[in-house]
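Chain naming here is simple, since letters A, B, ... match the order of the sequence lines and numbering starts at 1 in each.
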Protein chains: 2
Amino acid sequence: MKDMVRSVEKKGTKEQIRDVAIDLFSKKGYDAVSIREIARTVGINEASIYNHYKGKEDIMDSIIESLIAEFNPGPEEAPVEVLLEKYGPEVYMNIAGKAVTERMKEPHIGVICRLICIELYHNEKIRDFFKMTFMEPSHRIWELTFRKMMDLGYIKEYDERLLSTEFFDYCIFLFFDCFVIRYDEVPYEELIDNMINSMSKHIKFILDAVRIEEDSP
Amino acid sequence: MKDMVRSVEKKGTKEQIRDVAIDLFSKKGYDAVSIREIARTVGINEASIYNHYKGKEDIMDSIIESLIAEFNPGPEEAPVEVLLEKYGPEVYMNIAGKAVTERMKEPHIGVICRLICIELYHNEKIRDFFKMTFMEPSHRIWELTFRKMMDLGYIKEYDERLLSTEFFDYCIFLFFDCFVIRYDEVPYEELIDNMINSMSKHIKFILDAVRIEEDSP
DNA sequence: GTCTATAAGTGGATAGAC
DNA sequence: GTCTATCCACTTATAGAC
């Protein structure tokens with residue numbers, strides 16, 4: 001009970017260390033941040049870090065764990081067909097896209113996305129997370145969604161894997177474009193708004209490409 | 001003349017240092033490589049590095065300079081319309097795509113591409129190079145090309161900037177996918193072959209989307 | 001140009017007092 | 001749990017002999 005109270009009224013030291021580490025890692029990269037800098041930013045002695053974590057790598061591992069928990073899709077089964085029939089393909093895809101991008105507007109999620117992007121190349125655990133927990137399931141969901149669109153007669157017959165690739169992989173480009181290429185160009189919120197905008201155009205392009213022309217037969 | 005002979009029969013120490021640095025940086029990232037490691041790999045004393053470069057950052061700057069020279073498009077004006085009329089849009093785009101990807105098969109170019117990808121986020125000069133010398137001109141070229149395709153009646157009327165974005169930005173995804181996400185998954189040559197394959201499918205998808213149906217009017 | 005030697009600093013990590 | 005003090009490996013970089 002004492003623990004519960006403390007965790008509400010004041011973040012525990014362990015969580016503070018983790019959050020500061022996320023922030024610093026996302027700004028300068030894992031290699032460029034020292035245990036000393038983390039401790040100084042939290043406001044504790046560097047030796048105290050070792051009461052909570054085995055070392056620097058252990059902090060990163062803990063971040064990755066919290067990251068998996070954060071991005072794990074809830075047990076909610078999305079009623080794809082119901083929403084598809086209610087809104088039609090274009091509105092549906094925009095809603096689905098915004099469900100993800102709007103979350104990125106939370107600064108807390110933003111720094112995590114940045115961290116994923118910049119550590120992707122030299123942290124195998126993050127790479128595995130990105131591939132297995134993010135890209136793979138997303139592709140599966142979009143394959144099912146495009147399959148459904150075909151079954152409902154909204155779009156022409158195609159290989160659903162091709163459509164999923166064409167649609168979603170471009171979204172991954174937007175993700176990199178935002179968090180790697182343009183990250184420091186403009187204020188963060190503007191960056192995400194640009195991303196949402198680009199995604200809308202992309203959705204329109206894809207659907208125009210595969211829509212069944214209703215005036216031809 | 002003595003210099004010329006030496007540069008042919010044996011690479012100078014300065015060039016050796018730069019090449020070893022490219023290799024190590026591309027494997028472990030700039031931060032994780034020390035002057036000592038570079039010197040050891042070249043086979044000279046670490047102090048000798050300072051006879052050729054002011055320091056570690058100077059080596060990186062020299063790499064970026066050679067990189068700009070390497071990727072700078074030659075003065076050759078590509079006769080877009082001639083080739084377009086000769087081969088048609090699909091073959092033309094595949095040839096243009098392969099002109100780039102085949103170069104990446106040279107290991108020398110491969111490590112440079114890897115280096116660009118992994119230092120993009122925390123080296124401003126590389127980021128500027130990527131944006132100004134690579135992405136920007138490529139978009140311009142593809143805008144002109146798609147404009148030409150419309151003028152020649154190959155594809156429907158669209159905004160050429162939209163087409164360039166849809167086509168080329170997806171290629172940038174393939175670039176990141178190759179050099180960041182999957183880099184260590186399979187042998188390098190296989191990686192590039194996958195990339196060429198994916199690009200072919202993408203070209204076909206884009207052209208199917210915008211092609212003028214010749215049987216309708 | 002290359003080496004030895006060394007400076008001057010930063011890194012992660014631990015022992016032990018409070 | 002937090003602190004002081006300390007260890008030691010490793011970093012960039014320079015001075016000066018050959």
Look at the side-chain N and O atoms of A:S48 and state whether any lies under 4.0 Å from the OP1 or OP2 oxygen of D:dG1.
no

Is there a donor in the side chain of A:H122 and an acceptor in the side chain of A:E119, or the other way round, less than 3.5 Å apart?
yes

Find the distance A:I49:CD1 to D:dC3:P and express it as a whole number of Å.
10 Å

What do you reckon, are the aromatic ring centroids of A:F176 and B:F176 less than 6.0 Å apart?
yes

When you look at CD of A:E124, are more than 12 heavy atoms from neighbouring residues, nucleotides or ligands closer to it than 6.0 Å?
no

Which pairs, with at least one residue in residues 21-60 of chain B and sequence neighbours excluded, count as a ring pair (Phe, Tyr, Trp, His ring centres under 6.0 Å)?
B:F25-B:Y30

Is it the case that the side chains of B:H139 and B:D169 hold a donor-acceptor pair, with the cut-off being a distance below 3.5 Å and no angle test?
yes

With sugar-phosphate taken as primed atoms, P, OP1 and OP2 and all else as base, the protein-contact string of nucleotides 12-18 of chain C at under 4.0 Å (heavy atoms; B, S, -) is BBBB---

Between P on D:dA13 and CD1 on B:I38, what's the gap in Å once rounded to a whole number?
11 Å

